[in-house]
Structures are given as C-alpha cells and as structure tokens.
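I have placed the structure first, in the form of structure tokens, so that the comments after it can refer back to it.
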Amino acid sequence: MPLLKVENISAGYDGERVIHALSFHVNRGEIISLLGPSGCGKTTALRAIAGFEPIIEGQITIDQKPVSTPTSTVPPEHRSIGMVFQDYALFPHLTVADNIAFGLRRKSAVDRRVQVDHLLDATGLGGMGQRFPHELSGGQQQRVALARALAPRPTMLLMDEPFSNLDVELRERLSVEVRDLLKSEGISGILVTHDQHEAFAVSDKIGVMRDGTILQWDTPFNLYHEPNHRFVADFIGQGRFIPGVVRTPETFDTELGPLHGNRSCTQSVGNQVEILVRPDDIVPDTDGDIVATVRDKAFKGAETLYTLELPTGTRLLSLFPSHHDHHLGDSVRVRVDAEHLICFPRGESPCNSSTESNQ
Ligand code: ADP
Ligand code: MG
C-alpha cells in the first residue's frame with residue numbers, strides 16, 4: 001500500500017485551477033520529486049499535500065486515510081509530515097538545539113535531548129547546538145531546518161526548493177546527504193524543484209510538471225532516455241531536435257544521413273518527425289562524414305560542450321574530450337553514435353520551454 005496517494009486532484013486560488021488532474025503515489029521510504037519550471041504549480045501541489053490548501057477535485061490519502069477531499073481538509077499538524085522551505089525559516093532568537101527541539105515540547109527533557117543530539121550528529125552539526133542561526137553558514141542553517149523538520153519523526157518530509165539559496169557545490173552535496181539521511185531514517189520524501197540535477201540526485205521517481213499537471217512520472221534514467229513528451233525531452237538534459245522522416249519504425253532519413261535506433265518510433269512510416277539528439281550522440285571523428293562549424297563552446301573540465309552548425313543551419317550539441325580544442329568558426333568532423341533515438345511529431349511545440357530548462 002502506498003504511503004501517499006494523490007488521486008486526480010485539482011487546486012487553485014480564487015476559483016481558478018492552477019493544478020489539475022494531478023495523480024501519483026509515494027511508497028513508504030521512497031523519495032520523489034516534482035520537477036518543472038517556475039509557475040507550473042509545484043508549490044501549490046506540495047501545499048495541498050501538506051494540508052495548507054484545500055482541493056477542488058480528487059482525493060489525497062495518507063496511510064489509507066483520506067486527508068484531503070473537496071469537502072474536508074485535515075490540518076497540517078495532523079498529517080505526520082515535516083516541511084523544509086527555501087528560506088530555512090529558523091527562529092533567530094533560539095539556539096540550534098532549541099530550534100531542533102521546537103516540535104518536541106510534549107516529550108520529556110531526556111527524550112528531547114537524545115533526539116536533538118542524534119539529529120545534530122546525523123546532519124553534521126555535532127558541537128553546534130549552542131550556536132545561534134546567524135552564527136552559521138547558509139548550508140548549516142539549512143541542515144538545522146532539516147533536523148527541525150525531522151525531529152518529531154514525521155512519516156514524510158516535504159521540501160520546497162530547499163537548496164535554491166545555496167551555491168551549486170553545496171547544493172549537490174546536501175542533496176545527497178538529505179537522500180542518505182531520509183533513507184537511513186526510513187522517512188519518505190517529496191522534493192519540489194526546478195533544478196533537474198537536484199531532482200536526479202535525490203529521487204527514486206520524478207514527476208515532470210507543466211501547466212499544473214504531470215506530463216511524465218518516471219525514473220530519472222527513463223526521463224532522460226525515454227522522454228514521452230517533447231517538453232520533457234527539452235526540459236531534461238541537453239539536446240537538440242533535428243527534422244527527419246520515418247523510413248522504417250527504427251530508421252529516420254535526416255540531413256545527417258539515415259539514423260538507426262533500437263526503439264520503435266510510434267509515428268507512421270513517411271511521417272515528418274523531430275528526433276532528439278543528445279550531446280553524447282554526436283562524437284568527434286576525423287573520418288566522420290558530417291562536417292560542421294563550431295558556433296559556441298563551453299568548457300566543462302573533462303569535456304567541452306560544442307554547439308555545431310550543419311550546412312543547412314541546423315545546430316547540434318556535442319561533447320568532445322577537452323583536449324580536442326577548437327575555435328569558433330573551425331570546421332570539425334563528427335559522426336552519430338546513438339543507441340536509441342526518440343522522435344516526436346514535427347511542429348509539436350515544446351511550449352513553456354522556459355529559460356530554466358538548462359539548455
Ligand atoms: P511553482 O511552485 O511551480 O513556481 P506555484 O504553485 O507557486 O508554482 O504557482 C502556480 C500558479 O499559481 C502561478 O501562476 C502563481 O502565480 C499562482 N499562485 C501561486 N500562489 C498563489 C496565491 N497565493 N494566490 C493566487 N495565485 C497564486
Ligand atoms: Mg514554488
């Protein structure tokens with residue numbers, strides 16, 4: 001039995017739905033993310049699950065108990081959930097230990113002390129219990145917020161963009177730490193984020209959202225390799241779409257020549273399609289048949305991401321080992337090395353493929 005079931009819910013403000021037909025479930029001990037561009041309804045969905053927003057349609061069940069229906073909303077404090085926000089929201093006048101102990105007022109002093117000490121250690125804050133929030137770095141403050149949310153031993157932790165105020169390196173480290181901590185404490189988690197790297201680092205499953213609903217609910221691996229929607233293909237990872245025509249279910253005619261994949265295209269033979277080409281599908285090869293011009297380059301350490309332009313003007317991304325150093329305007333030879341190819345009907349708009357799509 002899933003711990004949380006979100007069934008076909010809609011919710012919104014002033015009679016206007018901002019999430020609709022939203023369905024997914026979370027098993028005990030599982031961590032999931034809702035991932036999507038700003039404004040797609042992630043926070044509203046999380047607030048509905050927490051019990052801060054009523055729902056208009058559908059049902060939310062925690063541990064087989066309906067907690068939200070269109071006619072009733074169990075308040076947040078009776079849902080056995082913890083919440084962590086982007087801005088930490090610590091009590092500035094309380095010490096770290098007192099912040100963490102805040103939700104434990106009904107426990108005995110000894111139980112409180114044991115639980116606070118455990119969480120200080122578990123979140124890497126050992127020895128900092130007597131400090132005040134302003135004496136901590138942003139990353140340490142977010143750890144305190146996490147420890148405070150976990151202290152009452154919720155069955156589920158809800159996190160709304162918890163790492164967005166932190167620098168990239170710390171964000172990645174904390175994402176992994178949070179995952180390990182939740183897994184070791186046996187607590188389920190829901191992370192809401194617009195950052196796919198964060199979602200990938202933390203989640204067992206991810207729901208990619210657009211315009212208030214989930215377009216694809218899947219593992220990080222499948223979202224990258226088997227996007228079922230053009231928006232998902234665009235939003236997750238990097239890549240470009242090239243025009244083609246379906247010749248057989250596995251082969252496309254394109255300006256790169258015939259491309260052969262190991263997945264059957266759902267489009268009919270003869271249809272015009274767009275094929276997703278990821279940077280790792282285009283490899284440098286001095287004997288390659290494809291000649292392209294370097295239009296942009298981004299050094300990434302071990303690799304360089306080149307934007308290449310074909311004679312027709314179509315642009316592709318390609319990862320070269322970084323010792324292959326080319327200049328803008330250089331001609332380079334490449335070949336296609338793609339195992340499976342994903343196609344979408346041509347002309348289907350990716351819509352909302354916002355600036356946050358990491359392209
Ligand atoms: P996200 O968290 O994905 O950025 P939100 O759930 O915050 O998205 O917002 C979804 C939509 O609902 C947006 O169009 C936003 O402007 C609107 N919205 C969010 N909160 C409120 C509110 N309190 N009152 C009215 N509209 C809101
Ligand atoms: Mg939000």
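Indexing begins at 1, ligand by ligand and atom by atom, following the structure's order.
Under the 4.0 angstrom criterion, atom 15 (C) of ligand 1 counts as lacking any protein heavy-atom contact.
Counting only heavy atoms of the protein, atom 8 (O) of ligand 1 lies nearest to G41 N, 3.2 Å. At the top of the distance list for atom 26 (N) of ligand 1, counting protein heavy atoms only, stands Y13 CD1, 3.3 Å.
For the pair R247 and F252, the cation does not sit on the ring face, since its NZ or CZ is not both under 6.0 Å from the ring centre and inside 45° of the axis.
In summary, E309 and R315 engage in a salt bridge, as defined by a charged side-chain N under 4.0 Å from a carboxylate O.
The side chain to side chain donor-acceptor pair (under 3.5 Å) test with R335 is passed by exactly one of D289, D287, D285: D285.
When all heavy atoms of P76 and I81 are compared, the closest pair comes out as O-CG1, 3.9 Å.
For ligand 1, the atoms lying closer than 4.0 Å to a non-hydrogen atom of V18 are 11 (C), 12 (O). Remark: ligand 1 atoms within the under-4.0 Å shell around heavy atoms of S38 are 4 (O).
Residues F320 and H326 place their aromatic rings such that the two centres sit under 6.0 Å apart.
Not one N/O/S atom of T44, from backbone or side chain, sits under 2.8 Å from the Mg ion (ligand 2).
Judged by distance alone, the side chain of S268 and the main-chain N or O of N271 form no donor-acceptor pair under 3.5 Å.
Contact annotation for T43 and ligand 1: heavy atoms of both the backbone and the side chain come within less than 4.0 Å of the ligand.
Closest heavy-atom approach to atom 13 (C) of ligand 1 among the candidates C40, A45, G39, A11: G39. Of the listed residues (V192, T44, L34), the one carrying the non-hydrogen atom nearest atom 6 (O) of ligand 1 is T44.
Classified by interplanar angle (parallel below 30°, tilted 30° to 60°, perpendicular above 60°), the ring pair F132/H134 is parallel.
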